[in-house]
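See structure below.
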Amino acid sequence: MDSLHSTDVIVIGSGISGLMTAICLHPRKVTLISKKKLGEASSSAWAQGGIAAAIGKDDNATIHFEDTIRASAGLSDEKIVKIITEEAAKIIKFLEEKGVNFDKDYTNNFLASQEAAHTRRRVLKVNGDSSGREIIKSLIENISKLENVTVLENITVDEIITEDNKVLGVIGRHLGQNVADNVTFFKAPNIVIATGGLGSMYEHTTNPRDIYGEGIAMAARAGAILCDMEFVQFHPTGMDVGLDPTPLLTEALRGDGAKLVDENDFEFMKKVHPNGDLAPRDIVSRELQRLKDLGHSTFLDCRYFTNEQMMNSFPSAYSFLKKANIDFTKEKIPVTPAAHYHMGGILVDSEGKTSIEGLWACGEVSSTGAHGANRLASNSLLEAFVFGKIIAKSINSKIIKVKDLPWINVQKYLPKEKTASRVRAKKYIWQLRSVMNDLVGVYRNEQKLKKAFVEIDRIEREAKHLSAKLKDMILVARFVTYAALLRKESRGAHFRSDYPNSNNNYLNRRKTTLKELNDFLSSKEYLEKVA
Ligand code: SIN
C-alpha cells in the first residue's frame with residue numbers, strides 16, 4: 001500500500017457501529033479500516049443479548065426509557081435515552097429490510113427475551129444467542145455490495161493527526177510486520193472512531209482480546225475530551241473454566257429460568273434483591289465477587305435445560321459448554337464476573353461529534369450519556385445502530401471532501417522508530433490486566449487505586465520501549481484509575497468499599513482530558529502520596 005491514501009470519510013472499526021455508519025454514509029466515499037478480516041475483531045460479533053426494542057403489545061418507548069433511566073443510576077442523559085428508545089422500532093425495521101432475520105414464533109411475532117432490569121421481554125435476537133454474529137454477517141453482505149465503501153483489512157490505526165483542533169487523517173500500521181516504513185497516512189476530513197470498548201484491559205473479559213481501548217487512547221492524545229471513564233460494567237456470568245477470553249453465558253439463560261447458586265445449591269441472589277437472579281447486573285456481579293472473596297464457589301445452574309433446548313435457543317452457550325467439556329444437564333457451570341462493557345469513552349454530543357472538528361465516535365468507544373453509570377442490557381447494540389445512522393446523516397449534511405483539506409507533508413507524520421517486540425510486551429500486558437482486575441475491578445477503594453497507579457508506573461518503567469498496544473493500554477488504565485479515584489462514592493458499576501453509598505455531590509458525568517491526567521501525574525500530591 002502507498003504511504004498516502006485519501007478518502008472523504010475514514011471509519012475505524014468493523015463492529016456494528018463501524019459497519020452501520022459505513023452503510024448509512026452512502027453515497028459518500030468511505031474507507032473502512034479493520035484490524036482483522038471483516039467481522040473477526042469486534043465485541044459486537046460476540047454479542048449474545050441482541051437489541052432492546054419496545055415492540056411488544058405490553059410495551060412502549062416510554063417504558064423502555066424509564067427502565068434505562070432507572071438502571072443508569074442517575075447519570076444518563078435523558079435526551080439521548082429518549083432518542084435511542086424512540087428510534088428502536090425504526091432500527092429493527094431497517095435491519096429487516098437489510099436482510100436480518102430476527103427470531104419469530106409461528107405467528108410471525110418477534111420472540112423477545114427477558115434480561116436484567118428490563119420490566120418487559122424486549123430483547124430481540126437472531127438465531128438465539130448468536131445475535132451479534134448473525135447481524136454482522138448481514139451487514140457485511142450489504143457492505144460488499146456498496147461501491148462507495150473500500151474495505152482495508154489487517155490494519156491498525158495508531159494516531160489521529162490534527163491541526164488547529166481539526167482532523168487531517170490517521171496513521172495506519174499494516175499488521176504482521178513491525179517496521180517503520182510499513183505505515184500509511186490515511187487523509188480524510190472526517191474520521192469515525194468505532195473501535196469498541198476496553199474489556200481486554202482486564203484479566204477476565206467477555207470481549208475479544210483485540211478490544212483494549214485504543215480508540216480512547218488515540219482520541220485522548222489528539223486532545224479529545226473523555227467522559228465517565230470510571231464506569232466499567234462487569235457481567236456476572238462469565239464461564240470460569242480457564243478459557244480466555246471468558247465465554248459469556250447470556251443473561252437470557254436466567255431470563256429462561258437458570259439459577260445462580262453456591263456450592264451448596266443455595267440461591268444466594270434471593271436474599272440480596274427482590275428481582276433475585278435478574279437484579280441489575282452490577283448488584284449481581286458484586287454479590288458473586290463478594291462470595292468468591294469469602295472463599296465460596298459460584299455457579300449457574302442450567303441442569304433443568306434439555307440438550308435440545310440449549311442447542312436451539314442458546315447455540316453459543318452450547319458450543320462453549322461443549323468446548324469446556326461440561327455436561328450442563330448434570331453439572332453446575334462455574335461463573336465469575338468479567339469486564340463486559342465500558343459506559344465511558346470519548347465524549348460526543350447528540351450528533352456523535354467529539355470535541356475535535358471532523359472527529360466522530362460511535363458505539364462503545366463513545367460516551368453519549370445513553371448508559372449513565374450502568375448500562376441496561378442490550379441497549380448497546382441499539383445505541384450503536386442509532387448513532388451510526390445519526391453520524392452518517394450529520395456527515396452527509398455538510399459535504400467536506402478530502403480535496404478541501406490542505407496539502408500535507410506526509411513524511412512529517414510517519415513514525416521513525418520501531419516499537420518493542422510483541423512477545424516482550426505480552427508479559428507486561430498480562431501484568432497490567434491483573435492489576436486492573438485486582439485493583440480497579442468490581443470492588444475499588446483508595447488504597448487499591450493508589451497501588452494500581454504504582455503498579456502501572458512500574459510496568460511502564462520495566463517495559464521500556466513500549467509496543468503501541470501496551471502504550472495505549474497504560475494510558476487508558478491511568479484514565480480509568482484516575483476517574484475511579486476521584487469519584488468518592490458508589491454508583492452503578494463503580495463501587496468504592498471506602499465510600500459504599502451514593503452521594504449527590506457526584507451527580508454529574510465527569511469529563512477529563514490528557515492534559516488534566518498529565519497534570520495530576522506530575523502533581524506534588526501524586527509524586528508524594530502515590531508514586
Ligand atoms: C447478555 O446476553 O447477557 C449480554 C447482553 C448485553 O450485555 O447487552
Side-chain angles (χ1 to χ4, degrees), residues 15-17 42-53 64 67-68 71-72 84-85 88 91 103 111-118 121-136 196-199 202 204-208 211 231-239 245-260 269 275 277-285 288 300 302 310 313-321 333 335-343 363-364 370-386 492-493:
I16 279 177
S17 354
S42 73
S43 300
S44 37
W46 290 15
Q48 297 183 15
I51 306 175
H64 187 183
D67 288 355
T68 305
S72 70
I84 66 161
T85 49
I91 292 294
D103 295 345
L111 275 174
S113 298
Q114 176 80 55
E115 290 189 350
H118 286 276
R121 287 185 84 91
R122 67 162 75 92
V123 179
L124 307 190
K125 301 187 170 234
V126 187
N127 189 20
D129 64 358
S130 308
S131 303
R133 196 171 54 236
E134 295 297 325
I135 295 172
I136 292 257
L198 49 66
Y202 284 83
H204 298 295
T205 181
T206 61
N207 294 182
I211 307 297
F231 294 109
V232 179
Q233 184 173 70
F234 287 79
H235 197 293
T237 51
M239 223 167 102
T246 309
L248 175 72
L249 292 171
T250 176
E251 217 156 52
L253 281 159
R254 277 174 277 145
D256 279 2
K259 303 269 175 257
L260 284 165
M269 281 311 297
N275 294 353
D277 289 332
L278 285 173
R281 208 170 263 188
D282 57 313
I283 296 174
V284 184
S285 289
L288 254 92
L300 189 68
C302 296
M310 188 67 91
S313 301
F314 302 100
S316 300
Y318 183 80
S319 71
F320 287 139
L321 289 162
I333 312 161
V335 286
T336 186
H340 183 60
Y341 189 86
H342 186 216
M343 275 70 74
E364 191 174 346
H371 311 300
N374 201 19
R375 177 185 62 107
L376 185 67
S378 293
N379 266 356
S380 41
L381 295 193
L382 174 61
E383 180 205 37
F385 280 117
V386 172

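Note that ligands are numbered from 1 as they come in the structure, with each ligand's atoms numbered from 1 the same way. Please read these numbers as outputs of a predicted model, since none were measured by experiment.
Short contacts between ligand 1 and Glu115, defined as distances under 4.0 Å to a heavy atom of the residue, involve ligand atoms 1 (C), 2 (O), 5 (C). Applying the 4.0 Å criterion to heavy atoms of His340 picks out, from ligand 1, the atoms 4 (C), 6 (C), 7 (O). Distances below 4.0 Å separate heavy atoms of Ala377 from the following atoms of ligand 1: 8 (O). Applying the 4.0 Å criterion to heavy atoms of Glu251 picks out, from ligand 1, the atoms 1 (C), 2 (O), 3 (O).
The protein heavy atom nearest to atom 1 (C) of ligand 1 is Thr250 OG1, 3.3 Å. Counting protein heavy atoms only, atom 8 (O) of ligand 1 is closest to Ser378 N, 2.6 Å.
Remark: Tyr202 engages Phe234 in a ring-ring contact (aromatic ring centres under 6.0 Å, His included) (not counting sequence neighbours). Residues passing the ring-ring contact (aromatic ring centres under 6.0 Å, His included) test with His340, sequence neighbours excluded: His235.
Between the side chain of Ser380 and the backbone N or O of Ala377 there is no donor-acceptor pair closer than 3.5 Å. Looking at Ser130, its side chain never comes within 3.5 Å of a backbone N or O of Arg133 through a donor-acceptor pair.
Ring to ring, His371 and Tyr341 are close: their centroids are under 6.0 angstrom apart.
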Open item on the list: Before you tell me yes or no, could you show the steps for Ile16 and Ile135 under side chain to side chain contact (heavy atoms under 4.5 Å, CB included), namely the whole-Å CA-CA distance, both residues' side-chain angles and the distance that decides it to 0.1 Å?
Closed with: CA-CA 8 Å; Ile16 279 177; Ile135 295 172; 4.0 Å; yes

TODO: Start with the C-alpha distance between Val284 and Glu251, add both sets of side-chain angles, then the distance that settles side chain to side chain contact (heavy atoms under 4.5 Å, CB included), and finish with yes or no.
DONE: CA-CA 11 Å; Val284 184; Glu251 217 156 52; over 6 Å; no

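Residue Arg375 places at least one N or O, backbone or side chain, under 3.5 Å from an N or O of ligand 1.
Taking a 4.0 Å cut-off on heavy atoms, Gln233 fails to register as neighbouring ligand 1.
The proximity of Arg281 to ligand 1, defined as any non-hydrogen pair under 4.0 Å, is limited to the side chain.
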